[in-house]
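We count residues from 1, following the sequence as given.
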Amino acid sequence: MNESLIRRCARRAVFCVVALAWCATPNTVWGYNPKSPKVRAIVERARGFLAKSQPQDLGHRCLVGLALVKSGDTDKHPQVQAAIASCRAAIRYPKRRIQGHANYQIAIAILFLADTDSQKYRPELEAFFKMLLANQESHGGWSYRPGESGDLNASTGDASMSQYATLGLWAAMHAGLNVPQDAVERTFNFWLKTQTPAGAWGYQSVPGRPPTANVRPSLTAAGLSSVYVCGDMFGLGAQEKKNDNGVPMALKEVTAESERNSFKPRGVDVGLYRNVQAKGAARLNAGFSRNKYELGMWTMYYMYAMERYQSFRELAAGQVAKDPPWYNIGVDYLEKTQAKDGSWARHLGAEVDTSFALLFLIRSTKKSIVKTFGEGLLNGARGLDQLADAANLQIKDGKIVPPPLSGSVEDLLSILDNPSDPKMAQIADDPDFLTSLVVKEKDPVKKKSRLQQLKGLVSGGDYQARRVAVRALARAGSLENASTLIYALSDPDPRVVLEARDGLRFISRKFEGFGLGAKPSKQEVAAAIAKWQAWLKSISPETDLNE
């Protein structure tokens with residue numbers, strides 16, 4: 001298909017998205033987001049139901065745990081602890097504990113562990129990821145294992161479970177696991193070559209032989225979201241973006257896209273990828289304009305897939321849609337259909353349907369993207385939303401420069417704890433402003449308190465906050481911060497690792513350090529951590545390296 005036809009298909013897909021804005025009833029008041037009072041009330045009722053639920057198998061426990069973690073709980077929550085215990089038991093006794101729909105359970109366990117704490121639960125995460133890779137079929141997808149579902153077997157790829165396996169690859173990649181390019185490439189081609197001529201996906205298929213039965217909106221959302229997930233892993237998300245602020249394209253700020261980790265396309269047809277995107281979007285949006293979420297069955301499963309697609313579409317476009325109809329309609333639908341106990345039960349059972357509904361409401365995929373890349377990649381005009389109008393723009397070195405940072409240390413530290421704040425990217429771009437305020441603090445009590453806040457961010461903030469926190473702790477120049485900087489060397493983001501490396505060199509005055517170039521391997525990082533720990537113990541024997 002030539003490029004002009006692809007562009008026409010893409011324009012039609014965009015038109016379908018815009019047309020959805022007219023699908024609401026005249027009396028609908030929109031403008032929802034996960035922080036809206038209405039949404040929060042629905043979410044809390046759902047969380048209350050899940051907290052009391054009693055999931056029985058590995059997959060259900062991990063899905064409930066994932067929904068609770070994504071919506072604000074930690075690994076201290078009883079349901080999350082139960083899911084972690086179930087993961088460990090499954091690793092010890094896989095044949096006994098992972099029965100029925102094994103690939104679903106393995107993939108959901110990966111998502112759960114990666115979101116709960118990818119460093120703390122690294123051994124469990126790696127064990128499940130090894131299983132996921134071992135179960136990938138030659139056609140690139142994942143299937144029912146022998147005996148799980150009648151006559152279905154590895155001869156066809158199961159689109160339903162393959163969508164979660166694909167997301168598992170993405171989560172593993174950004175948790176710092178060694179994800180083979182070949183595995184991702186085969187998965188990518190599986191999705192590209194199982195789309196129907198009309199732009200949909202079905203239940204069972206193999207590359208080159210698209211499905212003719214069970215072609216449903218829920219599976220089209222699953223397929224299209226997976227195409228975007230694979231595209232992101234290959235760095236194919238960056239597109240030319242129109243600017244909503246009326247700013248000339250020549251003045252558009254350069255994003256951090258080039259800094260992101262991704263594979264280089266080898267055996268992937270990029271032209272086919274664009275074509276599949278355009279056809280899939282046109283098909284999905286046309287179906288949504290007719291049916292909304294009134295499918296009768298698989299509804300919550302569909303809603304979670306739709307949220308995943310829309311989140312990765314926003315990432316590829318570099319901009320977040322304001323007041324998106326697909327989300328507003330979903331909120332109204334979920335409020336109307338929620339049971340008194342806070343649950344939903346459409347087809348998959350109350351635990352599963354409620355978990356999927358909760359993941360939709362809190363924009364869980366968007367949360368993962370922001371946690372991984374920061375808010376900047378979801379705003380093609382990063383920083384411009386702080387300006388009153390385009391007339392106030394300042395240009396420096398060909399980039400748009402927002403007004404200088406200002407505010408108290410407390411205000412700026414609170415922004416670091418909120419990655420969705422529009423000033424987060426600005427603090428990350430100019431970390432020395434906050435750093436200087438912390439370092440220059442003369443009150444020892446206040447300074448100690450602020451340094452403790454920063455230490456907490458090193459293990460719990462998003463990647464931009466972690467990088468700024470490491471910079472500030474290093475510039476404080478205290479040996480008390482060295483163990484935290486050594487811990488930061490294990491960070492999954494290489495930018496944080498290099499910031500920690502430079503900070504340790506600054507504190508120790510060992511300006512050559514212990515190796516670590518611009519792109520250190522895992523083995524090099526492990527060796528450097530051991531050497532820095534030995535150095536710290538040699539000069540401060542009382543230091544607790546496990547603190």
Strictly distance-based, threshold 3.5 Å: is any side-chain N or O of [X] a donor or acceptor partner for the main-chain N or O of [Y]?
X: N189; Y: P207; answer: no
X: Q56; Y: Q54; answer: yes
X: K193; Y: R209; answer: no
X: Q195; Y: V276; answer: yes
X: S343; Y: A339; answer: no

In the structure I gave you, are the side-chain heavy atoms of [X] and [Y] within less than 4.5 Å of one another anywhere?
X: S162; Y: S226; result: no
X: Y104; Y: Q163; result: no
X: L63; Y: L359; result: yes
X: D73; Y: R47; result: yes
X: W532; Y: L536; result: no
X: L504; Y: L489; result: yes
X: W201; Y: R216; result: no

### Query
Between I108 and G59, which heavy-atom pair has the shortest distance, and what is it?
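Nearest heavy atoms, I108 then G59: CG2-O, 3.8 Å.
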Contacts satisfying salt bridge (charged side-chain N to carboxylate O under 4.0 Å, His left out) that involve residues 166-184 (not counting sequence neighbours) are D182-R186
Only one of R363, K367, K70 passes salt bridge (Lys or Arg N to Asp or Glu O under 4.0 Å) with E307, and that residue is R363
Salt bridge check, [Y] against [X]: does any charged N sit closer than 4.0 Å to a carboxylate O?
X: R122; Y: D117; answer: no
X: D75; Y: K120; answer: yes
X: R61; Y: E351; answer: no

Any chance you could lay out the side-chain contact (heavy atoms from CB on, under 4.5 Å) test for Y293 and T337, step after step, and finish with the verdict? CA-CA 11 Å; Y293 295 110; T337 57; over 6 Å; no
Answer with yes or no whether the side chains of T156 and Y203 bring together a donor and an acceptor at under 3.5 Å.
-> no
Exactly one of F312, W191, Y309 clears ring-ring contact (aromatic ring centres under 6.0 Å, His included) with Y228, and that residue is Y309
Original post:
More than 12 heavy atoms of other residues, nucleotides or ligands under 6.0 Å from NZ of K130: is that the case?
Top reply: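 Not more than 12 within 6.0 Å, no.
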Please lay out, stage by stage, how W170 and D232 fare under the test side chain to side chain donor-acceptor pair (under 3.5 Å).
CA-CA 9 Å; W170 186 89; D232 183 72; 2.9 Å; yes
Chi angles and distances behind the side-chain contact (heavy atoms from CB on, under 4.5 Å) call for M233, F188: CA-CA 10 Å; M233 286 190 280; F188 203 172; over 6 Å; no
| said: As a quick check of understanding, evaluate ring-ring contact (aromatic ring centres under 6.0 Å, His included) for F360 and W344, giving each step before the final call. | reply: CA-CA 13 Å; F360 173 94; W344 293 266; 9.9 Å; no
d(L177 CG, F129 CZ) to nearest 0.5 Å is 6.0 Å
Does Y121 form a ring-ring contact (aromatic ring centres under 6.0 Å, His included) with F112? I'd like the steps, not just the answer. CA-CA 10 Å; Y121 302 110; F112 164 68; 7.7 Å; no
*In terms of the angle between their ring planes, are F356 and Y304 parallel, tilted or perpendicular, with boundaries placed at 30° and 60°?*
parallel
- Query: Below 6.0 angstrom between ring centroids: does that apply to F234 and Y273?
  - Reply: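 So the answer is no for these two rings.
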